[in-house]
> 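Can you keep this structure in mind? I'll have questions shortly.
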There are 2 protein chains.
Amino acid sequence: MEIACFIEAADRHCQQQGVKLTALRRQVLELVLGYPGVVKAYQVLADLQKQRGIAAPPTVYRALDFLVAAGLLHKVDALNGYIVCHHVGCNHEGLILVCGDCGRVEELDATPVLDVLRQQAGGAGFAISQQNLMLTGRCKECAV
Amino acid sequence: MEIACFIEAADRHCQQQGVKLTALRRQVLELVLGYPGVVKAYQVLADLQKQRGIAAPPTVYRALDFLVAAGLLHKVDALNGYIVCHHVGCNHEGLILVCGDCGRVEELDATPVLDVLRQQAGGAGFAISQQNLMLTGRCKECAV
DNA sequence: TTCTCAAATGTTACTTTATAACAAGCAACT
DNA sequence: AGTTGCTTGTTATAAAGTAACATTTGAGAA
Ligand SMILES: [Zn+2]
Ligand SMILES: [Zn+2]
Ligand SMILES: [Zn+2]
Ligand SMILES: [Zn+2]
């Protein structure tokens, strides 16, 4: 199963980083993996409540924060949501496209465009750090 | 004064667009202009309450939405905030650079890089919507 | 002028999103 | 066992954003 496989990889990834993928964090990661695209914190919270009977917002937010810091999820600010990173360990910068309609997500390589950006920003005296580019739009299926 | 000058330009800009920069909208724009960088809706709301005694969230959000739609402000999703667009009339999308150290904000024209992005995303079946790019980095003054 | 209509603003109430602060649990080492 | 530091539980509240309906206002039509 794809999810189990991802979890396994995530586990290794965390061990390498010297951080712990605890049962709770794993459970939250599994819940996020259960969605095809962007998930909101309170959706995860609701799911968690179904599975364990009770859970409060900080429980979910802490787990999500951890997973983002560990590079297993990305936060999508424009949608107040989270997506799974399918390039764990690639160590490249991502170009993340999120469909604002259906939440479908695609992650491409941002290297070429970040080269352009670094040059432009450099001209203004700004040094751009390592990061992902997140863009919203509309996917093939949701096209008007 | 710089603010008065900007307001004047904003006024002309709105007339050209066939939309109205009403007293309220102008007042909100002035309040945002009073800040050096990113401003939050509830800061503006508090300021507005000081000036007119009473105001509710929708009053501020509607004005801010208008100003964003008119191209006078940009929304900064990652910070739940707004910044003044210093390229009014350019009709561009913003490349917003935020210094992770000092919070300074710089805005460039994102059109060229978004052209590249649209092409790359188009290849993956994604239509990228009108938006700003926000990137973090380090500004000239904070350079190591 | 007076009417009418649409846009703008006011008002109330609420939803969604996120965090602070402190208590309790748990695992690893001494 | 005792200590320490990280993790999780719990309560309460803050911050951000919107729905729905009432009221005002101002420009054009009658
Ligand atoms: Zn990724
Ligand atoms: Zn879609
Ligand atoms: Zn701009
Ligand atoms: Zn700086």
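Proteins get letters first, then strands, A, B, ... in listed order; numbering begins at 1 in each. Values below: all heavy atoms of this structure, side chains included; hydrogens, waters and symmetry mates excluded.
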> State whether the number of non-hydrogen atoms from other residues, nucleotides or ligands found under 6.0 Å of B:Glu2 atom CD is greater than 12.
no
> Would B:Lys140 and B:Glu106 satisfy salt bridge (Lys or Arg N to Asp or Glu O under 4.0 Å), going step by step from the backbone distance to the final call?
CA-CA 11 Å; B:Lys140 221 177 311 198; B:Glu106 178 121 14; over 6 Å; no
> Let me know the distance between CG of A:Leu45 and C1' of C:dT15, rounded to the nearest Å.
15 Å
> Within this structure, what is the CD1-to-P distance between B:Ile54 and C:dT9, rounded to whole angstrom?
16 Å
> Please check if the number of heavy atoms outside B:Gln49 that lie under 6.0 Å from its CD is greater than 12.
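Enclosed.
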> If you check the A:Arg25 side chain, which of D:dG17, D:dG9, D:dT8 turns out closest?
D:dT8
> If you measure from CD1 on A:Ile96 to NE2 on A:His86, what distance do you get to the nearest 0.5 Å?
10.5 Å
> Rounded to whole angstrom units, what separation is found between the CZ atom of A:Arg62 and the C1' atom of C:dG25?
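To the nearest whole Å, that distance equals 12 Å.
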> Using whole Å, what does the distance between atom P of nucleotide D:dG17 and atom CG of B:Asp65 come to?
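After rounding, the reported distance stands at 10 Å.
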> So, does B:Thr22 get its side chain near the phosphate of C:dT9, meaning an N or O under 4.0 Å from OP1 or OP2?
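Indeed, a polar side-chain atom of B:Thr22 lies that close.
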> Measure the distance from CD on A:Gln43 to P on C:dT15 and round it to the nearest whole Å.
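That distance rounds to 18 Å.
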> B:Leu24 has a side chain; which of C:dG10, D:dG17, C:dA18 sits nearest to it?
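So the side chain of B:Leu24 is nearest to C:dG10.
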> Nearest-nucleotide wise, let me know which of B:Leu79 and B:Pro58 is further upstream toward the 5' end of DNA chain D.
B:Leu79
> Hey, is the side chain of B:Thr59 poking within less than 4.0 Å of OP1 or OP2 on C:dG10, counting only N and O atoms?
yes
> Given atom CG of A:Leu64 and atom P of C:dT19, what is their separation to the nearest angstrom?
11 Å
> Would you say B:Lys20 places a side-chain N or O within less than 4.0 Å of OP1 or OP2 belonging to C:dT9?
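Indeed not, no polar side-chain atom of B:Lys20 lies that close.
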> Using heavy-atom distances to pick each residue's nearest nucleotide on DNA chain D, tell me which of A:Pro57 and B:Asn80 is more 5'.
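Result of the comparison: A:Pro57.
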> Looking at A:Lys40, I'd like to know whether one of its side-chain N or O atoms comes within less than 4.0 Å of OP1 or OP2 on C:dT15.
no
> Just checking B:Gln119: does its CD atom have more than 12 heavy atoms from other residues, nucleotides or ligands closer to it than 6.0 angstrom?
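No - once you tally the heavy atoms of other residues, nucleotides and ligands closer than 6.0 Å, there are 12 at most.
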> Whole angstroms only, please: what is the OH-P distance between B:Tyr61 and C:dA13?
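Distance, rounded to whole Å: 20 Å.
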> Between C:dT17 and A:Tyr42, is there a base-stacking contact, meaning the centre of the base's six-membered ring lies under 5.5 Å from the residue's ring centre while the planes stay under 30° apart?
yes
> Can you check the A:Phe66 CZ to D:dT7 C1' distance for me, whole Å?
11 Å
